[in-house]
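These notes are about the structure you will find just below.
Every chain is numbered from 1 and lettered A, B, ... according to where its sequence line falls, protein lines coming before strand lines. Please read these numbers as outputs of a predicted model, since none were measured by experiment.
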Amino acid sequence: MSGSTIETLRRMADQIARNFEVMGHTDAVEATADHINMFWDPRMKQQIFADDRDALSPIARAAIDELAEGVEPAHQTRATVFNSAHEAGHSDAG
Amino acid sequence: MGYERQKDFGTPAVRSESQVTLTIDGRAVTVPEGTTVMRAASESGGSIPKLCATDNLKQFGSCRLCLVEIEGARGTPASCTTPVAEGMVVKTQTPRLEKLRKGVMELYISDHPLDCLTCSANNDCELQDQAAAVGLRDVRYGYEGANHLAEPTDHSNPYFDFDPSKCIVCSRCVRACDEVQGTFALTVDGRGFASEISAGQTLDNFMSSECVSCGACVQACPTATLQEKKVKEVGKPERSVVTTCAYCGVGCTFRAEMRGEQLVRMVPYKDGKANRGHSCVKGRFAWGYANHQDRITSPMIRDSIDQPWREVSWDEALTYAADRLKTIKAKHGARALGGITSSRCTNEETFLVQKLIRGGFGSNNVDTCARVCHSPTGYGLKTTFGTSAGTQDFDSVEHSDVILVIGANPTDGHPVFGSRMKQRLRQGAKLIVIDPRRIDLVKSPHIEAAHHLPLQPGTNVALLTAIAHVIVTEGLAHEDFIRERCDWDEYQDWARFVSDEKHSPEVLEGVTRVPAQSVREAARLFATGGNGAIYYGLGVTEHSQGSSTVMAIANLAMVTGNIGRDGVGVNPLRGQNNVQGACDMGSFPHELPGYRHISDAETRALFEQDWGVTLDAEPGLRINNMLDAAVDGEFRAIYIQGEDILQSDPNTKHVAAGLEAMECVIVHDLFLNETANYAHIFLPGSTFLEKDGTFTNAERRIQPVRKVMEPANGMSDWEVTQALANALDLNWNYTHPSEILDEIARLTPSFAGVSWERLEREDSLQWPVNEQYPDGAPVMHVDGFVRGKGKFVVTEYVPTDEKTGPRFPLLLTTGRILSQYNVGAQTRRTENVQWHEEDLLEMHPSDADNRGLKDGDWTKLTSRTGETTLRLKVTDRVAPGVVYTTFHHPATQANVVTTDFSDWATNCPEYKVTAVQVMPSNGPSDWQEGYVDLTERARRIEGEMEPAE
Ligand code: SF4
Ligand code: SF4
Ligand code: SF4
Ligand code: FES
């Protein structure tokens with residue numbers, strides 16, 4: 001069942017979007033873009049930018065469109081807010 | 001340091017605000033109210049003879065050896081059961097006491113063989129010490145009367161013997177098993193002089209009884225009746241070193257007791273803050289892997305994986321590795337290189353591996369096994385609470401009134417903490433278990449869960465939402481707490497969401513298959529039963545909605561006000577010994593140590609200056625993406641320290657394809673593990689007994705690991721990483737891990753106050769240790785959340801894409817058992833295999849009947865991903881429609897059938913839900929047989945005899 005890399009990336013983007021959907025379309029698009037921006041390797045981003053985005057769910061597609069245009073999305077959840085250089089407060093121990 | 005037994009104060013320490021002063025043998029002594037006379041004497045440097053008392057058990061008062069005289073009191077009370085009183089005047093040594101004690105001792109000795117000189121416990125025996133202490137020289141009673149001297153020894157346990165001829169029936173073992181371990185395996189049969197200790201029923205021996213081999217009874221025994229076999233084999237220990245267990249995230253402290261360079265035994269350390277003198281079978285006994293014949297101690301290389309290994313010098317291996325890495329980097333760029341840090345290695349070693357990858361390889365392609373276990377904890381708790389570590393220390397459970405265990409099996413996975421939890425449950429705390437399987441905790445001696453909610457695997461979010469629905473709609477929310485600590489508007493959004501009728505237990509029953517009435521009752525109990533604590537494990541995280549489940553748990557703690565004090569909180573039970581530490585040390589591809597994002601220029605500048613390198617500003621690849629990229633030819637070299645991703649990661653064939661596609665796979669491990677089948681360079685590793693450093697346990701407790709013997713491979717793991725770095729021209733020159741720890745402290749704000757000297761002085765520290773928390777922080781979020789307000793996050797249930805259907809009608813879920821650890825690389829190489837020789841597939845009787853399967857039958861387990869075979873265990877522990885297995889044995893390779901589905905936020909694999917079919921089978925599958933062949937070929941070493949046909 002393990003498909004090609006691009007299939008995995010599409011699945012990942014759609015899954016993120018699906019879990020943010022409950023925030024409403026606009027916020028979910030921002031949250032999806034923010035999440036991908038902060039956690040994906042540049043090659044993964046480039047691959048999905050280059051892909052035919054019609055296969056994606058509407059939220060994921062809008063998020064990828066935004067990132068592909070070079071927009072730097074604002075942080076939507078605290079998961080994408082990290083400690084600044086001299087700060088000890090956050091952690092995200094796996 | 002020479003060898004001394006750990007000090008025994010006779011009775012447990014007492015915590016009390018008020019102090020009492022009394023006089024013992026003419027000296028004024030002040031102790032907390034409630035302390036016994038025995039302990040008071042002991043704490044002030046005296047010692048009263050004793051046999052049945054020991055300080056990790058409740059006082060019992062049976063042997064009468066500890067008699068004292070108290071002014072104004074009649075008779076000679078037992079000091080172990082007499083509490084101190086203000087102004088009390090005690091005498092512990094008088095002619096009358098001496099005479100009485102001698103009499104008592106004589107009776108004991110008359111039923112004890114007098115072969116001290118040849119006894120393996122000679123000079124390390126409390127009975128012998130006490131006989132000397134009371135001045136007993138000869139025994140008036142002969143051996144003619146009834147005695148136990150002819151009783152045969154029970155050798156059945158692989159690690160300790162039970163020789164009843166030496167037993168004085170003090171019942172310390174029985175009480176240790178009951179009170180400390182909570183297994184209730186031992187009994188005292190008969191009365192008085194005729195009494196005898198036995199394991200389980202009359203016909204049982206230790207192995208066939210309920211005994212889980214924790215060693216508590218052995219530790220408690222004052223004679224050689226219960227004794228480690230190793231003491232007989234190797235001899236009495238001569239020195240001891242305090243160190244930390246390298247198995248699970250409880251982080252038990254042990255004394256490694258040594259004779260010369262040989263380890264005699266690991267004895268749980270009474271002052272250990274995580275274990276308080278207790279242990280489990282793994283840490284206590286399963287360390288034999290350290291010198292197992294399979295251990296590889298010299299470096300090996302080969303040009304391609306179809307060739308046999310060639311043993312070479314360290315220099316040759318490191319140069320070979322460095323050349324390959326340099327060539328790949330020159331041709332394909334830094335991003336084609338990466339590595340994996342180990343949650344089994346020390347903080348210092350993990351820090352160095354990520355430093356090597358980021359600073360030396362030049363990419364952020366670093367990941368760790370936390371990816372496959374608790375990464376959703378990180379995501380979920382950070383989003384809701386602002387910081388993601390567990391909120392409590394282990395001691396907190398002593399103050400809990402309702403304990404909710406979800407997707408965890410503490411008695412098997414985290415046994416020493418499991419025992420602590422059981423102690424609290426026996427004191428009357430209520431238990432709710434949410435698990436598809438009836439774990440032992442649901443019903444064990446003197447414990448019964450108030451509610452067991454056996455949900456359908458994959459429906460955690462739905463069930464937690466239903467619980468929240470009950471709490472909110474029945475007016476049980478803790479509004480004062482929420483108004484003060486949380487964002488009120490967000491709470492209201494969330495409350496509206498969960499209150500929707502479609503989230504009621506009645507409607508969701510169709511999804512979770514848990515009767516609505518039980519959900520309602522459990523929710524009411526959790527919301528109104530006093531201090532509520534939630535403990536969870538991989539049954540929460542290893543799902544496509546792992547992160548959402550963690551957030552749902554956090555919501556539940558907040559809505560009931562169960563955060564910020566003892567007895568409450570959200571407690572992830574972490575798997576491996578240093579998984580917390582590996583995360584703290586920057587093992588994730590998007591962040592540097594201390595949870596600072598790689599895109600932050602100021603943070604990067606700190607590290608760049610300190611390390612003299614330039615760092616990539618973009619996040620790197622996660623493990624699964626590295627494998628994908630490898631198949632695509634974009635990722636070509638990997639350095640894997642102390643992890644066996646081929647066996648531990650999902651969809652084995654995909655992992656194998658990824659590894660096979662790489663040009664340079666460096667495995668740094670104790671054994672030729674499964675991943676090493678695909679390796680080109682093997683760097684032998686060292687065990688936790690062979691290195692200095694620190695581990696951080698599940699309570700954020702940083703604890704020292706100390707070298708007790710020289711590394712068999714010649715170098716500790718941090719030295720190997722340093723040597724590889726230097727082969728890549730990085731010029732590192734650490735001479736001791738304390739220098740690495742200093743670097744960590746210098747660069748990581750939450751570790752600012754940590755140093756090796758301080759750990760030597762204070763034994764352990766719970767981070768953050770910095771200006772704000774100079775002595776660390778046991779409980780988090782005490783005066784409000786660490787950062788801002790608590791956030792309620794709406795968690796919508798999204799079913800996994802892994803669906804059952806006509807071809808795959810059953811749901812497989814996976815887990816582990818007490819005696820084995822993770823992929824079993826270590827525990828399989830110890831006598832622990834006697835408890836778990838193979839992975840079994842558990843199935844409900846009705847599903848087995850439908851397929852004409854019986855207990856013990858070979859079955860074929862098939863999923864959309866692959867198939868394997870294993871033997872069947874028919875049991876009603878699992879619900880109809882659900883099957884369960886463990887993943888400790890490479891021959892089973894349960895991960896051949898698990899899928900690529902993973903948590904939406906972190907890609908933590910969905911190990912806990914796979915749609916499968918189970919059918920009769922004649923034996924191992926083609927894949928398994930092929931794999932055995934492959935492994936044999938892949939492990940050939942030049943010059944070693946080929947295995948006989
Ligand atoms: S086995 Fe040891 S601890 Fe148990 S009753 Fe006998 S002497 Fe006491
Ligand atoms: S080893 Fe542990 S479980 Fe077994 S009898 Fe002793 S105390 Fe009980
Ligand atoms: S509970 Fe964990 S840390 Fe403690 S002895 Fe067992 S495996 Fe080691
Ligand atoms: S030690 Fe006090 S009665 Fe045995």
**Message:** Under a 4.5 Å cutoff for heavy-atom pairs, which residue among B/N365, B/T906, B/V794, B/N625 has the most contacts with chain A?
**Reply:** B/N625
**Message:** So if I apply the side chain to side chain contact (heavy atoms under 4.5 Å, CB included) rule between A/R43 and each of B/D632, B/D628, B/L621, which one comes out positive?
**Reply:** B/L621
**Message:** Let me confirm one number: the OG1-NZ distance from A/T80 to B/K382, rounded to the nearest 0.5 Å.
**Reply:** 7.5 Å
**Fill in**
Tightest non-hydrogen contact, residues B/P619 and A/P42, listed as O-CD, 3.3 Å
**Request:** Can you tell which part of B/Q545 gets under 4.5 Å to a heavy atom of chain A, answering side chain, backbone, both or neither?
**Result:** side chain
**Item:** Residue, of B/L606, B/N624, B/N364, that accumulates the most heavy atom pairs under 4.5 Å with chain A
**Value:** B/L606
**Message:** Please check: side-chain N/O of B/H590 versus main-chain N/O of A/W40, any donor-acceptor pairing under 3.5 Å?
**Reply:** no
**Asked** Under a 4.5 Å heavy-atom cut-off, does chain A meet the side chain of B/K791, its backbone, both or neither?
**Response** both
**Request:** Check side-chain hydrogen bond (donor to acceptor under 3.5 Å, both in side chains) between B/E699 and all other residues, then give those that pass, not counting sequence neighbours.
**Result:** B/N697, B/R701
**Item:** Within-4.5 Å side-chain heavy-atom neighbours: B/E591 and A/F39
**Value:** no
**Request:** Drop me the distance from B/S599's OG to A/E72's CD, to the nearest 0.5 angstrom.
**Result:** 7.5 Å
**Asked** So which of B/N907, B/V631, B/D616, B/V798 has the largest heavy-atom pair count under 4.5 angstrom toward chain A?
**Response** B/V798
**Request:** For B/R700, check side-chain hydrogen bond (donor to acceptor under 3.5 Å, both in side chains) against everything at least two apart and list the hits.
**Result:** none
**Message:** How close do B/H597 and A/M38 get, counting heavy atoms only, and between which atoms?
**Reply:** NE2-O, 2.8 Å
**Request:** Please look at B/R335 and chain A and tell me whether the side chain, the backbone, both or neither of the residue comes under 4.5 angstrom of a heavy atom of that chain.
**Result:** both
**Region of B/F497 in contact with chain A, defined by heavy-atom distances below 4.5 Å** = side chain
**Request:** Sort by residue number and list every member of residues 12-33 of chain A having a non-hydrogen atom under 4.5 Å from chain B.
**Result:** A/M12, A/Q15, A/I16, A/R18, A/N19, A/F20, A/V22
**Message:** Can you list everything that forms a side-chain hydrogen bond (donor to acceptor under 3.5 Å, both in side chains) with B/S548? Sequence neighbours excluded, please.
**Reply:** B/W904
